[in-house]
Amino acid sequence: MTALELQNLTFRYGRDAAVHGVSLSLQPGDCYGFLGHNGAGKTTVLRLALGLLRPATGSIRIHGIDALAEPRRARAAVGALVERPGFHLAATAQQNLAWLARLQGMRRTLAAAEAARTLELVGLAAQADRAAGSFSLGMRQRLGVAQALLGRPRLLLLDEPSNGLDPEGIADLRRLLRQLAGEGTAVLLSSHLLQELEGLCTRIGVLREGRMVVEGGLDDLRRQIGARHVVAGRPLPALAQRLRDLGLAPETVGNRLLVALDGRQPGAVARELTAIGDLAEFAPEPATLEAIYLRATNGQPQPGDRPPVHAAGKAPAPADAALLPVPVPAPRWRAFAHELRTLRAARTIAPLLLAPAAFALWSVFAYRHAVHGALDRVRAGELFSADAGSGHLAMARALQAALPVLALGLLWLASQSVAADLAADTLRNTLVRSLRRLDVLLGKLGALLVAAGLGYATTVLVAALAAGLAFGFGDLEEVSRRGDRQVLAAAADVAGAHWQALRHGVLPLAAVVAVGLCASALVRRPTRALAVALLLVLGPELLRDGLRDEAGWLLTSHLPTGLRDDSALGFLAAVARGAADALWPWAEFAVGAPLAWFAAAVVVAALALQRRRVG
Ligand code: ATP
């Protein structure tokens, strides 16, 4: 079964065609050298093969599976390194690889073992516990190769893998790739270093301005190229003319001519040339890879350049059993678990989730201090009466202080999710692990919602504990100078509003997360993503006056903002204070509005991520 078969691939970046009708094929055990000048289109072809870009025309089959129709299944056994490898810089090399191995569906112990194995293969075992951020360019490249080897892929696509490697690293990589090809892995590597491919690759393809000008087995190409002669001497134009007079078609390459003798005797041709000039060189063209490459890139694309597609010199294909498609374990669950792991490891997550709780705590103690102060003044005869405080009111105030902080934190976290991945080039590592973009987006959304839930639960719990300890959840009473106590708000009446406020805090926070995620998918730069997220949540406030009775559709009508609170929480605060005329103005929008924001933001995020170029 062919490991990779690209047929007639075409792709445009905007109006510029980067790849035109490219076809190539790799068998198991092939080591394929992909050559071409800067900007020829090599990386684009690899991105297309990996599903990071969608071709305008053509087909992609990986291990016999149509990768355009079944991308996850087709790419289940593909390892890839494309351009600059991106990693979580604060995490160690071992941690980064173990996360990616788990993202591929491995269990914890297997993932750790696989990470250690691949680090050993690329010579980074001694650096396993160092943060990826402290790695040199070459070490990061080795780590990039290691991540491509996770799970022993049967097809390996490597874009300039020796970039930044020292000579030992290049030699090690050659040995490794030769060994993998010998074991039946199909390896495709793009490179500018012809020496790197010489003696390693069994097949090559040369791209020129997005078109494949040469493609095939190296031995066949050598035979073809060896059929030409190099001619050097003076005057070169006269020598070229003489060759044309003999019915040959010389090609000028620098200060030499290349000519196929078309069955003529070399000695006879040489005699013709010495008769009209000074012949300095007349010899068969050396059949190096460089000669093949230069001929392909200097000459015009010629259909006749294409040798038979299946060349000799391949390693034997592995047993059929090894070619069975590997299963693709629950992609969304893998993506969700991966996002949770990376979130948990982020240094910012703990302060972000605890800061709102700290605000709640501070608010309860400030309120307690104020209540005690007022009661002291009543006892001292300075005030006629003061309320004795209640847990319900303390908690409403605490949440009014804490929820804007939590919402802001979540907005920041969500707005960084896709944008930071794009900026750090880590999204590509995720997407090439047989996941669709929607899987990744839903994984991120799920993990962010878990973070939001944890943050909310912690805040509510801390507020409830502090308020309960400080006041208890009894009635709110007014205490007069004479010691009379009068109930301002009965606990039984407030309890209903309290549960209501806690319940209705959940959906707006989920909507804030979705809006942040949406901004993150819309804008590539993390700081701009945060600015867009803030604008999406706070910007519509400018419409409040115009919306009048419809202002319930604003997200800020359902969350305290620090400036105003029209939400269920504001209503609770008023009820807990004993206000007889307490109103919850947007009660009828309490479910519909945040749900609409949530759904719209997720849909826009999905569409935006679908269109986003992940290089
Ligand atoms: P190099 O060897 O320098 O990496 P390459 O052969 O890999 O080059 P590609 O990166 O595939 O070439 O680029 C092919 C063409 O597509 C070039 O003309 C390049 O300018 C263009 N191109 C690549 N990426 C983008 C992009 N994100 N937006 C617009 N054009 C692009």
Side-chain angles (χ1 to χ4, degrees), residues 4 6-24 26 32-58 60 80-86 137-138 140-141 144-145 148 156-165 170 173 187-198 200-201 203-215 289-290 292-294 296-299 301 418-419 421-429 431-432 437 521-525 528 608-615:
L4 174 67
L6 307 181
Q7 275 193 342
N8 203 24
L9 285 189
T10 300
F11 180 81
R12 289 170 189 283
Y13 289 105
R15 267 195 260 154
D16 303 326
V19 168
H20 314 252
V22 166
S23 302
L24 64 82
L26 257 93
Y32 192 107
F34 202 27
L35 288 163
H37 54 79
N38 290 130
K42 304 179 295 295
T43 306
T44 306
V45 170
L46 293 189
R47 285 179 186 148
L48 289 167
L50 288 166
L52 295 172
L53 298 173
R54 201 174 168 84
T57 66
I60 303 168
L81 168 69
V82 184
E83 292 203 316
R84 202 157 53 99
L137 181 71
R140 226 177 267 187
Q141 188 72 3
V145 175
L156 204 50
L157 303 178
L158 305 174
D159 190 18
E160 305 190 20
S162 53
N163 246 356
L165 293 188
I170 294 178
L173 182 66
V187 182
L188 181 147
L189 69 155
S190 77
S191 177
H192 292 120
L193 300 175
L194 300 174
Q195 319 84 293
E196 185 186 336
L197 304 183
E198 189 92 65
L200 175 63
C201 294
R203 296 172 64 76
I204 66 156
V206 181
L207 267 189
R208 182 169 186 257
E209 289 168 15
R211 292 177 201 276
M212 200 69 115
V213 284
V214 167
E215 204 254 333
L289 187 50
E290 185 177 7
I292 298 172
Y293 176 75
L294 288 178
T297 50
N298 286 353
V418 180
D421 258 2
L422 280 168
D425 277 326
T426 43
L427 189 59
R428 191 173 42 218
N429 278 348
L431 287 175
V432 297
R437 290 174 188 219
L522 283 170
V523 183
R524 190 172 267 271
R525 293 226 190 123
R528 287 194 194 163
L609 190 60
Q610 210 62 36
R611 296 173 64 86
R612 179 136 309 286
R613 190 161 288 147
V614 182

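FYI, side chains are in, hydrogens and waters are out, and symmetry mates aren't considered; it's all heavy atoms of this structure. In this chain, residues are counted from 1 in sequence order. In each ligand, atom 1 is the first atom listed, and ligand 1 is the first ligand listed.
- Every atom of ligand 1 with a heavy atom of His37 under 4.0 Å away is listed here by number and element: 6 (O).
- The shortest N or O to N or O distance between Ala40 and ligand 1 is under 3.5 Å.
- Not a single protein heavy atom sits closer than 4.0 Å to atom 19 (C) of ligand 1.
- In this comparison of Arg47, Lys42, Arg208, the heavy atom closest to atom 2 (O) of ligand 1 sits on Lys42.
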Test Leu157 against Leu50 for side chain to side chain contact (heavy atoms under 4.5 Å, CB included), laying out the working first.
CA-CA 9 Å; Leu157 303 178; Leu50 288 166; 3.8 Å; yes
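- Asn38 ND2, 2.9 Å is the protein heavy atom nearest to atom 3 (O) of ligand 1.
- Remark: the backbone N or O of Ala521 is paired with a side-chain donor or acceptor of Arg612 at under 3.5 angstrom.
- The protein atom (non-hydrogen) at minimum distance from atom 27 (N) of ligand 1 is Arg613 CD, 3.7 Å.
- Among all protein heavy atoms, the one lying closest to atom 7 (O) of ligand 1 is Thr43 OG1, 2.5 Å.
- Annotation for Leu48 and Ile60: closest pair O-CD1, 3.3 Å, computed over non-hydrogen atoms.
- Judged by distance alone, the side chain of Thr57 and the main-chain N or O of Asn8 form a donor-acceptor pair under 3.5 Å.
- Side-chain contact, Ser190 with Asp159: a donor N or O sits under 3.5 Å from an acceptor N or O.
- Closest to atom 17 (C) of ligand 1, if we only count protein heavy atoms, is Gly39 O, 3.6 Å.
- Of the protein's heavy atoms, Gly41 N, 3.1 Å lies nearest to atom 12 (O) of ligand 1.
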Full working for side chain to side chain contact (heavy atoms under 4.5 Å, CB included) between Tyr32 and Leu4
CA-CA 11 Å; Tyr32 192 107; Leu4 174 67; over 6 Å; no
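- Within ligand 1, the atoms closer than 4.0 Å to a non-hydrogen atom of Ala18 are 15 (C), 16 (O), numbered from 1 in the order shown.
- With hydrogens and angles disregarded, a donor-acceptor distance shorter than 3.5 Å links the side chain of Asn429 to the backbone of Gly86.
- Residue, atom and distance of the protein heavy atom nearest to atom 24 (N) of ligand 1 are Tyr13 CZ, 3.3 Å.
- Arg208 contributes no side-chain N or O that, together with a main-chain N or O of Arg211, makes up a donor-acceptor pair within less than 3.5 Å.
- Nearest non-hydrogen protein atom to atom 4 (O) of ligand 1 is Glu160 OE2, 3.6 Å.
- The backbone N or O of Val206 lies less than 3.5 Å from no partner atom in the side chain of Lys42, so there is not a single donor-acceptor pair.
- Of all protein heavy atoms, the one lying nearest to atom 11 (O) of ligand 1 is Thr44 OG1, 2.5 Å.
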